Student: 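Take this structure, written in structure tokens, and hold onto it; I'll ask about it next.
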Number of protein chains: 2
Amino acid sequence: MTDSATTRAARLADVARLAGVSAATASRALNGNDRGVREANRARVLEAAKTLGYTTNLAAQAVARGRSRGVMLVAKGMPDDFANPITAGVLKATQRRSLPFTLVSAGTEQSDLVEAVNLARSHRPETLVITGGRAADDTTIPALIEALRHYEDEGGRVVLISQEGLPFDTVTYANRQGGYDMATALVDLGYREFAVISGMKHGMTQRDRTEGFVAGLADADIEVSADRILVGEFNRDAAYAMTGELLRRNVNVEAIFAVNDAMALGVLTFLRDTGDSRRVAVAGFDDIKALRDITPSLTTVHMPWEQIAEEALAMTVLPRTTPPRTTVVKGHVIVRESTPRVTR
Amino acid sequence: MTDSATTRAARLADVARLAGVSAATASRALNGNDRGVREANRARVLEAAKTLGYTTNLAAQAVARGRSRGVMLVAKGMPDDFANPITAGVLKATQRRSLPFTLVSAGTEQSDLVEAVNLARSHRPETLVITGGRAADDTTIPALIEALRHYEDEGGRVVLISQEGLPFDTVTYANRQGGYDMATALVDLGYREFAVISGMKHGMTQRDRTEGFVAGLADADIEVSADRILVGEFNRDAAYAMTGELLRRNVNVEAIFAVNDAMALGVLTFLRDTGDSRRVAVAGFDDIKALRDITPSLTTVHMPWEQIAEEALAMTVLPRTTPPRTTVVKGHVIVRESTPRVTR
DNA sequence: GTGAAAGCGCTAACAA
DNA sequence: TTGTTAGCGCTTTCAC
């Protein structure tokens with residue numbers, strides 16, 4: 001049996017009629033902002049809305065107001081399991097402000113971001129937060145900038161998280177510094193022979209982390225030959241494979257720095273699978289929650305994800321400036337079991 | 001310095017004017033559906049849209065059409081790190097169909113779901129997917145049903161995932177069966193003394209899994225005394241604490257069944273922290289990806305998350321029926337290292 | 001194949 | 001404090 005009986009949704013006019021007031025008054029009563037409504041009328045409107053099961057038509061509201069409330073997050077390259085500390089952080093931050101939150105997930109291709117931004121633009125949200133890594137040689141940057149400029153010209157407010165170097169307000173992390181600090185920490189622990197498992201050749205995030213790490217070692221008079229810096233996809237599986245490749249070469253490695261925790265997990269798992277876990281130390285970057293119970297616990301650069309999201313949202317309510325603002329959030333190294341102190 | 005210069009977004013009328021056609025034609029050209037547009041005109045419209053940086057005003061479109069395209073997922077009780085296999089599955093499934101996807105995250109309180117559904121309703125999405133656990137004694141169910149009925153009456157299409165027993169199309173998992181199968185599997189491995197770490201007293205999911213497990217044991221003539229079925233919050237930390245409580249009593253437990261993987265992780269971690277990990281076996285439920293690299297690897301009931309999401313989306317395009325459809329998706333036990341065969 | 005015009009549900013002057 | 005009246009930007013008949 002197949003049903004059909006489809007009415008239409010109750011409209012503001014219906015509520016108004018039932019309450020015996022005009023649409024304008026009903027609107028005022030429902031939206032609360034404009035407080036010039038007699039208490040009795042307000043009550044009747046609310047009552048009417050309730051009995052009709054009325055919900056605002058946000059689309060119509062957005063059309064009338066020219067923009068819709070809330071923040072829309074465009075996240076590029078969401079991982080398979082959807083876990084993403086920035087997304088989580090932004091969601092929480094919007095909840096704290098009781099702002100409507102909407103997620104647009106962009107794919108992993110370069111052009112996906114531009115497309116997603118334009119989709120987001122179509123919704124005319126009052127603020128847009130963009131996140132996700134970027135390649136240094138990304139050819140779609142001009143298109144992205146254009147789309148975001150249009151958006152700002154239309155009166156929208158953008159904040160980028162981690163997409164450093166674009167002419168919009170930005171919150172970034174001190175990737176280079178984090179890498180540097182990790183190098184220092186590992187040297188302090190007594191390590192001398194390193195390898196780096198990195199991702200996506202031109203990815204700026206991983207590039208900066210790697211560079212910082214190498215610089216940190218250099219300052220301690222340690223050199224990492226180029227063949228010990230492996231580059232592949234930016235995920236666990238690739239890291240797993242790269243670790244195999246590295247060790248097969250039988251190089252003398254004491255510690256492996258993976259440019260993010262997901263990759264560190266791949267390294268750790270490979271080592272465990274091959275029984276090498278006690279021989280080689282591993283460090284990551286991000287300090288994601290999902291790895292909190294891993295054995296051995298992972299030495300990593302802790303990033304204050306919630307704070308990053310908070311800063312970004314705080315920025316959205318500030319007026320735009322020329323040049324745009326940039327806030328750099330620092331992480332700090334947390335030494336755990338995966339990098340025990342070396343005793344020679 | 002503070003900028004201001006705010007233009008307004010390009011409208012369809014602007015595009016039409018620049019292309020030298022009417023708004024109607026521009027609309028037809030842009031939306032492609034109605035193919036009665038001369039090729040030359042279509043090209044000019046597209047061109048004009050591009051030079052103006054035009055993006056459809058989806059809100060206006062939704063108002064005009066009465067409904068907006070795409071699926072909106074209402075997810076209750078998203079975990080802190082945002083990882084949620086159903087969300088991930090639904091996202092993927094919508095992407096495969098290139099449908100716009102929007103997420104509304106509801107809190108963990110009972111009433112949060114109703115509120116979130118009404119928020120979702122306000123967007124007038126063509127389809128709504130609801131997910132998240134439910135308590136057996138949930139007092140907001142009538143309100144939820146009412147909200148969803150309204151939504152359907154307005155012409156929307158709802159599918160519930162895992163919220164069994166409500167008068168709407170539903171995809172559920174065979175929780176009871178999974179628990180039963182796990183019991184059988186563990187008995188087959190040689191275990192005889194069990195405990196269950198369960199969550200939220202009236203949560204239907206965990207209740208069914210627990211009941212199934214107990215029934216499975218009963219069929220093997222094994223009884224679990226009530227004091228070995230611990231109930232607390234439905235998360236890792238609670239499970240960690242409960243395990244401590246259980247073992248402190250010094251009961252003779254060979255295997256612990258946690259009603260989901262997150263809790264199993266808590267159990268596992270507690271055992272590891274106290275050095276008991278080799279003494280007690282652990283099994284979970286869900287087979288979430290995040291735990292793929294845990295040591296020891298976790299015996300669990302594998303759930304086909306992507307398939308569940310697929311089924312749900314497939315349902316949304318079917319006409320409604322009376323009574324509503326229910327699809328039950330089964331999982332299967334995967335035995336891994338956390339439950340080695342018992343040798344006596 | 002194309003345009004004019006009506007209307008989608010709401011908000012925001014403006015008047016009363 | 002309330003109602004009237006224009007829109008908001010788009011789609012969609014209905015003529016041409």
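Order of the sequence lines sets the chain letters (A, B, ...), proteins ahead of strands, with each chain counted from 1. If you're wondering where the values come from, they're calculated on a predicted model, not measured in any experiment.
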Student: Taking N or O atoms only and anything under 3.5 Å, show me the protein contacts with nucleotides 14-16 of chain D, one pair per line.
Tutor:
none

Student: Quick one: pull up CG in B:Asp169 and CD1 in B:Ile161 and give me the separation to the nearest 0.5 Å.
Tutor: 12.0 Å
Student: Look only at the side chain of B:Asp112 and the backbone of B:Ala106, and say whether a donor-acceptor pair between them is shorter than 3.5 Å.
Tutor: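 Answer holds: no.
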Student: Please tabulate, one pair per line, all N/O donor-acceptor pairs under 3.5 Å involving side-chain atoms of residues 88-97 of chain A, not counting sequence neighbours.
Tutor:
from: A:Lys92; atom 1: NZ; to: A:Glu306; atom 2: OE2; distance (Å): 2.8
from: A:Thr94; atom 1: OG1; to: A:Val90; atom 2: O; distance (Å): 3.2
from: A:Thr94; atom 1: OG1; to: A:Leu91; atom 2: O; distance (Å): 2.6
from: A:Arg96; atom 1: NE; to: A:Glu310; atom 2: OE2; distance (Å): 2.9
from: A:Arg96; atom 1: NH2; to: A:Glu310; atom 2: OE2; distance (Å): 2.9
from: A:Arg97; atom 1: NH1; to: A:Ala93; atom 2: O; distance (Å): 3.3
from: A:Arg97; atom 1: NH1; to: A:Glu310; atom 2: OE1; distance (Å): 3.1
from: A:Arg97; atom 1: NH1; to: A:Glu310; atom 2: OE2; distance (Å): 3.3
from: A:Arg97; atom 1: NH2; to: A:Glu310; atom 2: OE1; distance (Å): 3.0

Student: Please set out all donor-acceptor pairs under 3.5 angstrom arising from side-chain atoms of residues 43-55 of chain B, sequence neighbours excluded.
Tutor:
from: B:Thr51; atom 1: OG1; to: B:Ala48; atom 2: O; distance (Å): 3.1
from: B:Thr55; atom 1: OG1; to: A:Arg124; atom 2: NH1; distance (Å): 3.1

Student: Report yes if a side-chain nitrogen or oxygen of A:Thr25 is closer than 4.0 Å to either non-bridging phosphate oxygen (OP1 or OP2) of D:dT2; otherwise report no.
Tutor: no
Student: With B:Thr139, which residues qualify under side-chain hydrogen bond (donor to acceptor under 3.5 Å, both in side chains), at least two apart?
Tutor: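 If we apply the side-chain hydrogen bond (donor to acceptor under 3.5 Å, both in side chains) test to B:Thr139, skipping adjacent residues, the hits are B:Gln110.
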Student: Once rounded to the nearest 0.5 Å, what's the spacing between atom OG1 of A:Thr140 and atom CG of A:Asp138?
Tutor: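 So the gap between those two atoms works out to 3.5 Å.
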Student: Please identify each residue that fulfils side-chain contact (heavy atoms from CB on, under 4.5 Å) with A:Glu126, with sequence neighbours left out.
Tutor: A:Arg67, A:Arg69, A:Leu99
Student: Taking only residues two or more places apart in sequence or in another chain, which ones pass side-chain hydrogen bond (donor to acceptor under 3.5 Å, both in side chains) with A:Asn118?
Tutor: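 With sequence neighbours excluded, A:Asn118 shows a side-chain hydrogen bond (donor to acceptor under 3.5 Å, both in side chains) to A:Arg121, given in chain and number order.
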Student: Looking at A:Asn31, I'd like to know whether one of its side-chain N or O atoms comes within less than 4.0 Å of OP1 or OP2 on C:dT11.
Tutor: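 Answer yes for this pair, as a side-chain N or O of A:Asn31 is under 4.0 Å from OP1 or OP2.
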Student: Starting at CZ of A:Arg69 and ending at P of C:dC10, how long is that distance when rounded to a whole Å?
Tutor: 17 Å
Student: Under 4.0 Å, heavy atom to any atom of DNA chain D: which of residues 119-128 of chain B qualify?
Tutor: none
Student: Among the candidates D:dT2, C:dT2, D:dC8, find the nucleotide nearest to the side-chain atoms of A:Asn41.
Tutor: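 Between D:dT2, C:dT2, D:dC8, the one nearest the side chain of A:Asn41 would be D:dT2.
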Student: Among the candidates C:dC8, D:dC10, C:dT11, find the nucleotide nearest to the side-chain atoms of B:Tyr54.
Tutor: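 Of C:dC8, D:dC10, C:dT11, D:dC10 is nearest to the side chain of B:Tyr54.
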Student: Among the candidates C:dC10, C:dT2, D:dG9, find the nucleotide nearest to the side-chain atoms of B:Val37.
Tutor: C:dT2
Student: Can you list every ring pair (Phe, Tyr, Trp, His ring centres under 6.0 Å) pair that touches residues 124-173 of chain A, not counting sequence neighbours?
Tutor: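 Residue pairs passing ring pair (Phe, Tyr, Trp, His ring centres under 6.0 Å), neighbours aside: A:Tyr173-A:Trp305.
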Student: Kindly write out the residues that satisfy side-chain hydrogen bond (donor to acceptor under 3.5 Å, both in side chains) with A:Asn41, not counting sequence neighbours, or none if the list is empty.
Tutor: none
Student: Kindly say whether A:Ser162 contributes a backbone atom to a donor-acceptor pair with the side chain of A:Arg134 at under 3.5 angstrom?
Tutor: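 Pair absent, no side-chain N/O of A:Arg134 close to backbone of A:Ser162.
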Student: Using a strict 4.0 Å threshold on nitrogen-to-oxygen distance, state whether B:Glu146 and B:Arg149 make a salt bridge.
Tutor: no
Student: Sequence neighbours excluded, which residues qualify as side-chain hydrogen bond (donor to acceptor under 3.5 Å, both in side chains) partners of B:Thr25?
Tutor: B:Ser22
Student: Side chain of B:Ser27: nearest nucleotide among C:dT2, D:dT12, C:dC8?
Tutor: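 The nucleotide sitting nearest to the side chain is D:dT12.
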Student: For A:Leu30 and C:dG9, what is the distance between atoms CG and C1' respectively, to the nearest whole Å?
Tutor: 13 Å
Student: Between atom CZ in B:Arg44 and atom P in C:dT2, what is the gap in whole Å?
Tutor: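 Taking CZ of B:Arg44 and P of C:dT2, I get 11 Å after rounding.
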Student: Starting at CD of B:Gln61 and ending at C1' of D:dC10, how long is that distance when rounded to a whole Å?
Tutor: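 Going from CD in B:Gln61 over to C1' in D:dC10 covers 7 Å.
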Student: Looking only at side-chain N and O atoms, does B:Arg65 come under 4.0 Å of OP1 or OP2 in C:dC8?
Tutor: no
Student: I need the residues from residues 9-24 of chain B with at least one non-hydrogen atom less than 4.0 Å from DNA chain C; give them sorted by number, or say none.
Tutor: B:Val21, B:Ser22, B:Ala24
Student: May I ask you to decide if A:His123's main-chain N or O and A:Ser68's side chain share a donor-acceptor pair within less than 3.5 Å?
Tutor: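 Yes, A:Ser68 side chain to A:His123 backbone: donor-acceptor pair under 3.5 Å.
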Student: What would the secondary structure line of DNA chain C be in dot-bracket form, counting Watson-Crick and G-U wobble pairs under 3.5 Å, with [ ] for pairs that cross earlier ones and | for pairs with another strand?
Tutor: ||||||||||||||||
